[in-house]
Amino acid sequence: MKSLRHTFMTAAVLLVIGGWSAFWFYASGMVKEQLDARLALLAQQGVQISCADQEISGYPFRIEIHCAATDVALSGGEQVSVAGFRAVALIYKPYHIIFEADAPLAARMSPFAASIEGGWTIGHASLELDDWELSEAALSFEDLNLGLLGGSTSQKATGKLAELHLRRALDNPQAADIALTLKDVTLVGTVANATPFDGGVLVRVPDGRDLLTGKIEPRDLIGRPLDIEEVFLSRDGARLAAHGELTVTRDGLLEGELDVSAVEPGQVAGLVAPFYPADSRIPMAFQGALMGFGKKSGPDEAASVSATLTFRDGMIRIGLIPIAQMTPLF
């Protein structure tokens, strides 16, 4: 009797394993068919993606797509390549997909533009789908270095961590939240670049659900409010932060106001200088206007200072003092 029971249990286990194996191989075959179909469709739309030594693995609980050297070429001449690429999804949780890319990166935005080279120790991204609609996306690089080469300029940026998140707002399904985090970033070859800085951006687009579809053009942002929940830069105890609401005008300019605060305002010029040419007067003009017209919370130079930054008519001002002329977004 015991031997018969043992035989039945063994047969049941083998049946389950065999059924699961058949299901996995069927699912992996479907993934390959869908992948090939997607690549063919993209090719018809002018997007050529090559996946060298393509391999599908991950049995028994994952579906993994492995590519060696991976290249993406667009009809306009843009090209991007990485040394290796992987996509992974749990077979019982296909709505969450994780991507990994191996350095180095080589990119060119057009045949005549400067090239971009990059490296990192860990580079990965993830997508979460809700009924096959994107609900959250994340991109993260550790020990990142990027170089812009060619033309009349050559610039390089390094950073301990760079993360970008895009997700459907938890408290408003029609809104989208965008967050950027930077840690220990150095812009090589610029003014005031000796000490790394941290930075961050958190923006909500109240009617921005279509950002998650990718089917949006810059002009689609015209008239939409952008809730700037926080923008900040910090370095060596100095911190510059802002929040407020901006709107994109028909001319591609920003319009609105940001409440700005600075700790150690005497170091503000050094904080923003890496984002401007070496001979730019904007960093010192910004610092001077902030210290001259801002409200101080204490009597010394290290006091926190606050002011209102106004974006209007193509100019950025503190009070009546013009700080910089805006560059259109499109």
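Both backbone and side-chain heavy atoms feed into the values below; hydrogens, waters and symmetry mates do not.
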Does either side chain, that of T121 or that of D143, offer a donor lying less than 3.5 Å from an acceptor on the other one?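 There is such a pair between these side chains.
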Closest contact, heavy atoms only, [X] versus [Y]:
| X | Y | answer |
| --- | --- | --- |
| Q287 | G266 | OE1-O, 3.1 Å |
| L146 | G118 | CD2-CA, 3.8 Å |
| E128 | L134 | O-CD1, 3.6 Å |
| I318 | A307 | CG2-CB, 4.1 Å |

Tell me if a side-chain donor or acceptor on [X] pairs with a main-chain N or O of [Y] at a distance below 3.5 Å.
| X | Y | result |
| --- | --- | --- |
| D198 | D184 | yes |
| W120 | A101 | yes |
| T186 | T158 | no |
| R224 | D207 | yes |
| E264 | A238 | no |
| T70 | A68 | yes |
| D227 | E229 | no |

Evaluate H96 against I98 for side chain to side chain contact (heavy atoms under 4.5 Å, CB included), listing each step before the verdict. CA-CA 7 Å; H96 186 192; I98 298 173; 4.2 Å; yes
If you group Ile, Leu, Val, Met, Phe, Trp and Tyr by side-chain heavy-atom gaps below 4.5 Å, do [X] and [Y] land in one group?
| X | Y | value |
| --- | --- | --- |
| L180 | L202 | no |
| I63 | Y59 | yes |
| F141 | V88 | no |

Tell me if the aromatic rings of Y276 and F286 count as close, with their centers under 6.0 Å from one another.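 No, the ring centres sit 6.0 Å or more apart.
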Looking at [atom1] of [X] and [atom2] of [Y], how far apart are the two atoms once the value is rounded to the nearest 0.5 Å?
| X | Y | atom1 | atom2 | result |
| --- | --- | --- | --- | --- |
| T249 | R312 | OG1 | CZ | 11.5 Å |
| L221 | L329 | CG | CG | 8.0 Å |
| I222 | L253 | CD1 | CG | 10.5 Å |
| H243 | L309 | NE2 | CG | 12.5 Å |
| L258 | T308 | CG | OG1 | 9.0 Å |
| R62 | K93 | CZ | NZ | 13.5 Å |

Would one find more than 12 heavy atoms of other residues, nucleotides or ligands at under 6.0 Å from atom CG of L320?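 Atom CG in L320 is not crowded, with 12 or fewer foreign heavy atoms closer than 6.0 Å.
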Is it true that atom CZ of R281 has more than 12 heavy atoms of other residues, nucleotides or ligands lying nearer than 6.0 Å?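 It does not: R281 CZ has 12 such atoms or fewer within range.
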Please test V248 against L254 for side chain to side chain contact (heavy atoms under 4.5 Å, CB included), starting from the C-alpha separation and ending with a verdict. CA-CA 5 Å; V248 181; L254 294 174; 4.1 Å; yes
Does R239 make a cation-pi contact with F232 (under 6.0 Å, within 45 degrees of the axis)?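 The answer is yes, since R239 meets both limits relative to F232.
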What's the verdict on side chain to side chain contact (heavy atoms under 4.5 Å, CB included) for V201 and I178, showing C-alpha distance, side-chain angles and the deciding distance? CA-CA 8 Å; V201 178; I178 305 169; over 6 Å; no
Can you list the steps and then say if T247 with F311 is a side chain to side chain contact (heavy atoms under 4.5 Å, CB included)? CA-CA 9 Å; T247 304; F311 296 70; over 6 Å; no
Does some side-chain heavy atom of F85 sit less than 4.5 Å from a side-chain heavy atom of I65?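 The answer is no, as the side chains (C-beta and beyond) never meet within the 4.5 Å cut-off.
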